[in-house]
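Quick note on labels: first sequence line is chain A, next is B, and so on, each numbered from 1. Remember, it's a predicted structure, so these values are computed and weren't measured experimentally.
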Amino acid sequence: MSGDHAHGNPQVHSGAKGSDAHKHKDKHKEHRHKDHKKDKERDKLKHSNSEHKDPSEKKHLDKEKLKHSNGSSDKHREKHKEKRREEKIKSPPLEKPKKEKENGYVRERSPAAVKSEPEDDSGFHASPKQDKASKREHGADGSEHKSKKVKAEHEKKAKKRKHEDEEDEDDEDDEDIKPKNKTKDKKATDGKKAKKEEEEKWKWWEEERATDGSKWRFLEHKGPVFAPPYEAMPDKVKFYYDGKPMKLNAPAEEVATFFAKMLDHEYTTKDIFRKNFFKDWKKEMTSEEKSKLTDLNKCNFSEMSEYFKAQSEARKQMSKGEKQKNREENERLLQEYGFCIMDNHKERIGNFRIEPPGLFRGRGDHPKMGMLKRRIRPEDIIINCSKDSKHPKPPPGTKWKELRHDNKVTWLASWTENIQGSIKYIMLNPSSRIKGEKDWQKYETARRLKKCVDRLRTQYRDDWKSKEMRIRQRAVALYFIDKLALRAGNEKEEGETADTVGCCSLRVEHIKLYPKMDDQEYVVEFDFLGKDSIRYYNKIPVEKRVFKNLQLFLENKQPDDDLFDRLNTSILNKHLQELMDGLTAKVFRTYNASITLQQQLKELACPDDSLPAKVLSYNRANRAVAILCNHQRAPPKTFEKSMQNLQTKIDEKQNQLSAARKQLKAAKAEHKASHDDKSKKTVEVKRKAVQRIEEQLMKLQVQATDREENKQIALGTSKLNYLDPRISVAWCKKWAVPIEKIYNKTQREKFAWAIDMTEEDYEF
DNA sequence: CTTATCACTTAGAATCTGATAT
DNA sequence: ATATCAGATTCTAAGTGATAAG
């Protein structure tokens, strides 16, 4: 816990790896070849990887700028192992990574971090303090929530009103009164009430939670908003096949426009994408069209593409009035369809618009990219609402697929998507009670893990010595999940998705063992594509026992065999469940992320820092977590430019500063000579000016640093999903940093519960 | 067990918007 | 007034994990 891992540094690297680790995939073998060559060329650009580690664990993170570019190594994927195997054989050994495409896809960039290991190997020890934490928070424990919250609430109520400044002028009125159960029938009234209370902000966290597994007692909404119908292309916008204009029937034309809209995207250059698109497009063609259009390469969509560009340009040029009109229409739609009434409160819906048809954009090397995502009709939609609510009505002339009243689930509507056959849902916004309670609960579970993590660590270390292979594998996997914050790694269906892995699904080809590397022993190198095909690349020294176990797991296996052949997420989670109620693999990520933030904030704190410096420290702490969790982003396209702009500003400011200093000096000289009051005043004025400019300069420099360090790291994901907001709120209170510096409006809405209830001494 | 289904969280990219620079 | 840009918002894919079905 707390002490222990200070997570250390990350090493970031990216890189290339030359390993043969990834082999090529295959699936589309046809293309493969070419790809190879390309890849090779790209290789040249390769990437350097820099790695670095920083000895001092503490601060570390910051500096790392991960630069890497990394390559993609080849694709990995293969569908079946067998296939994989075959390929492998053929493929040249070392292929390297290449680069990637810019755009898109390849996503693989990769830093990755490790929590630093405790120094000794006894490792994880507990820090003394942890215990205290537990006391306060309401929900803290396990079964937490329910009961305890309740009580807590009362007291808080009392205090609550104070803070929230702005809005709250009163929240009282109804809300307190309504205990939920009663009312359900009065919906009508509720409706209105809901309105106002929304302004007042309902503090759901001060109410009791249901214990019977039901998610709500009353639910009313208007149903989803469908995608606008297809509007045919004007006649003058032509599609050409083999140089000749050709009019397509509406369905085929619509699909063609989907492709035309993506013409500038790298997707459309990919063979798989083109092949999938063409196949699905043909399904919309008449038989004549089908027989005529046999080669996608002869299709010319450029007029269509230009037309759309012109349209969007026109949209930008619209007059203010028109824009305003649009805005109002949007607002109207939002007001009508963007909210629902759940248990007496008006709540915002997260996604009330049905996904429009288009071409599927899978991430990474997705076998289904380019397939047609079909238009969703009312007949595809299942509506979920209260029996006694006013049911949403389907558009005239249509019917819903089904109307049900299931309060054991939180969704308002659902449909089955045609690419993977999975179900999509319409659910509430993160600021809603239903999402917020769950989020709160997630952090409480992570805090319970904090209390017993030492015990678990001791146990898995012990299990490294087990006679049973399955136990050893489980223990080593858990160590990775704990130390590296890896995802669980469920199995995926081959050929249905990009080839990505998590801990339990790691294959032999994803790790390399180095008994010695530089001055370190027992180094494991990880290189694989994780969620969203983001590359995870990391080299970390592990304990000898872990290393020996890994060697054992690798014996007699092929590169595409599973590293942990006796383990899967279900076995692992079952085990975790026995160790602690509610414990699953993902709880470790939440726990490690939050505890890391808390530690980093403590380490980076500096009471006399200016406000911007404090915010920078916060961002650095946040960054440490993002590195740990491997949250990467493509460097913004405008990154270089924007850095340059900032630098320009800094230079200017610097000039300004020296000018101001010069003036100050002159003023001083003047004063010295004359000693009159007026000159004295001038000195003061100039001194102030210098000071102000210095501050401004400092602020700019801090901003530049922050931005540079953030080049390819995404802070948002961890802030939104992994960091207990109470840690941040407490930190803001402690250092008098306005919460707006840390959370924007949306974030403040999502974390309203934490902002309201957290005191400055909160301990995760 | 193994597989499938379902619900829900987590994720980065795309797009939008509004503030700021020109 | 217009263009630029950065941050906010939207979008929807891709995970996790519980549970049901075979």
Side-chain angles (χ1 to χ4, degrees), chain A residues 103-105 107 109 215 261-262 265 267 312 315-317 320 323 326-327 330 334 338 350-356 358 360-364 366 368-369 373 382 384 406 408-411 414 416-417 419-425 427-430 434-435 438-439 442 487-493 496-498 500-505 529-534 568-574 576-577 582-587 589-590 593 626 629-634 636-639 641-642 645-646 648-649 703 707 712-722 743-747 749:
Chain A
N103 103 118
Y105 275 38
R107 320 178 114 283
R109 317 162 240 195
K215 306 291 174 67
K261 285 176 181 165
M262 296 180 70
H265 202 288
Y267 272 120
S312 81
R315 219 168 310 126
K316 270 191 267 190
Q317 303 304 326
K320 243 177 221 198
K323 278 189 179 156
N326 274 354
R327 215 160 315 133
N330 254 338
L334 173 66
N351 56 323
F352 59 95
R353 286 171 214 271
I354 299 273
E355 297 173 17
F360 177 73
R361 292 147 101 106
R363 290 149 177 222
H366 197 117
K368 300 195 172 185
M369 64 170 74
K373 225 172 82 152
I382 299 173
N384 191 34
D406 180 358
K408 298 289 188 271
V409 299
T410 67
W411 51 270
S414 72
T416 299
E417 153 272 339
I419 304 289
Q420 321 270 0
S422 63
I423 307 171
K424 301 270 195 157
Y425 302 93
M427 292 184 187
L428 299 193
N429 192 83
I434 212 155
K435 295 290 189 187
K438 197 93 185 289
D439 204 39
K442 170 182 77 186
R487 295 188 183 83
N490 280 321
E491 297 159 72
K492 310 168 72 185
E493 215 179 319
E496 297 294 300
T497 64
T500 61
V501 299
C503 187
C504 295
S505 50
L529 297 186
K531 182 176 180 180
D532 291 319
S533 293
I534 294 291
N568 61 37
T569 54
S570 153
I571 294 170
L572 177 63
N573 283 333
K574 209 157 287 165
L576 293 176
Q577 187 61 248
L583 186 61
T584 63
K586 93 193 229 325
V587 176
R589 283 195 116 207
T590 308
C629 295
N630 201 36
H631 291 144
Q632 300 183 248
R633 62 169 184 174
K637 275 184 270 301
T638 56
F639 187 83
K641 169 123 67 131
S642 102
N645 290 346
L646 198 53
T648 308
K649 276 197 205 163
Q703 196 184 353
R707 193 181 294 177
Q712 10 192 195
I713 301 184
L715 301 188
T717 303
S718 49
K719 194 185 269 190
L720 239 42
N721 303 299
Y722 290 102
Y743 290 139
N744 67 26
K745 177 153 95 58
T746 309
Q747 293 163 163
E749 281 165 9

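Not one side-chain nitrogen or oxygen of A/Lys215 sits closer than 4.0 Å to the OP1 or OP2 atom of B/dA7. Considering only side-chain N and O atoms, A/His366 lies under 4.0 angstrom from the phosphate OP1 or OP2 of C/dA14. Close to B/dC8, at under 4.0 Å from its OP1 or OP2, lies a side-chain N or O of A/Thr410. For C/dG15, neither phosphate oxygen OP1 nor OP2 lies less than 4.0 angstrom from any side-chain nitrogen or oxygen of A/Asn490. Dashed line: the shortest gap from a side-chain N or O of A/Lys574 to OP1 or OP2 of C/dG17 is not under 4.0 Å. Distances shorter than 4.0 Å separate some side-chain N or O of A/Thr584 from OP1 or OP2 on C/dG17. Distances shown here put a side-chain N or O of A/Thr500 below 4.0 Å from the OP1 or OP2 atom of C/dG15.
In plain terms, the two heavy atoms of A/Gly338 and A/Phe352 that are nearest each other are CA-CD2, 3.6 Å. Residues A/Arg361 and A/Met262 come closest through the heavy atom pair NH1-CE, 3.3 Å.
Among the atoms of the strands shown, only primed sugar atoms or phosphate atoms (P, OP1, OP2) are found under 4.0 Å from some heavy atom of A/Gly530. Using a 4.0 Å heavy-atom cutoff across all strands shown, A/Lys719 reaches no nucleic acid atom at all. Using a 4.0 Å heavy-atom distance criterion, A/Gly489 is classed as a sugar-phosphate-only contact. Among the protein residues, A/Pro356 comes within range of the sugar-phosphate backbone only, with heavy atoms under 4.0 Å from sugar or phosphate atoms but none that close to a base.
Taking the nucleotide of DNA chain C with the nearest heavy atom to each of A/Asn429 and A/Glu417, the more 5' of the two is matched to A/Asn429.
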Could you go through nucleotides 9-11 of chain B and list every protein N or O atom that sits under 3.5 Å from one of its N or O atoms, giving the distance for each pair?
from, atom 1, to, atom 2, distance (Å)
B/dT9, OP2, A/Lys435, NZ, 2.4
B/dT9, O3', A/Lys586, NZ, 3.4
B/dT10, OP1, A/Lys586, NZ, 3.1
B/dT10, OP2, A/Lys442, NZ, 2.7
B/dT10, O3', A/Tyr722, OH, 3.2
B/dT10, O2, A/Lys531, NZ, 2.6
B/dA11, OP1, A/Arg487, NE, 3.4
B/dA11, OP1, A/Arg487, NH2, 2.8
B/dA11, OP1, A/Arg589, NH1, 2.8
B/dA11, OP1, A/Tyr722, OH, 2.9
B/dA11, OP2, A/His631, NE2, 3.2
B/dA11, OP2, A/Tyr722, OH, 3.0
B/dA11, O4', A/Lys531, NZ, 3.4

Between protein and nucleotides 3-8 of chain C, what N or O pairs are separated by less than 3.5 Å?
from, atom 1, to, atom 2, distance (Å)
C/dC5, OP1, A/Lys641, NZ, 3.1
C/dA6, OP1, A/Ser642, OG, 3.1

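Side-chain contact between A/Arg487 and A/Cys503: absent, with no pair of heavy atoms (C-beta onward) separated by less than 4.5 Å.
Salt bridge status for A/Lys745 with A/Glu749: present, with a side-chain N to carboxylate O gap under 4.0 Å.
In terms of the side-chain contact (heavy atoms from CB on, under 4.5 Å) criterion, residue partners of A/Cys504 (sequence neighbours excluded) are, by chain and number, A/Leu567, A/Thr569, A/Leu572.
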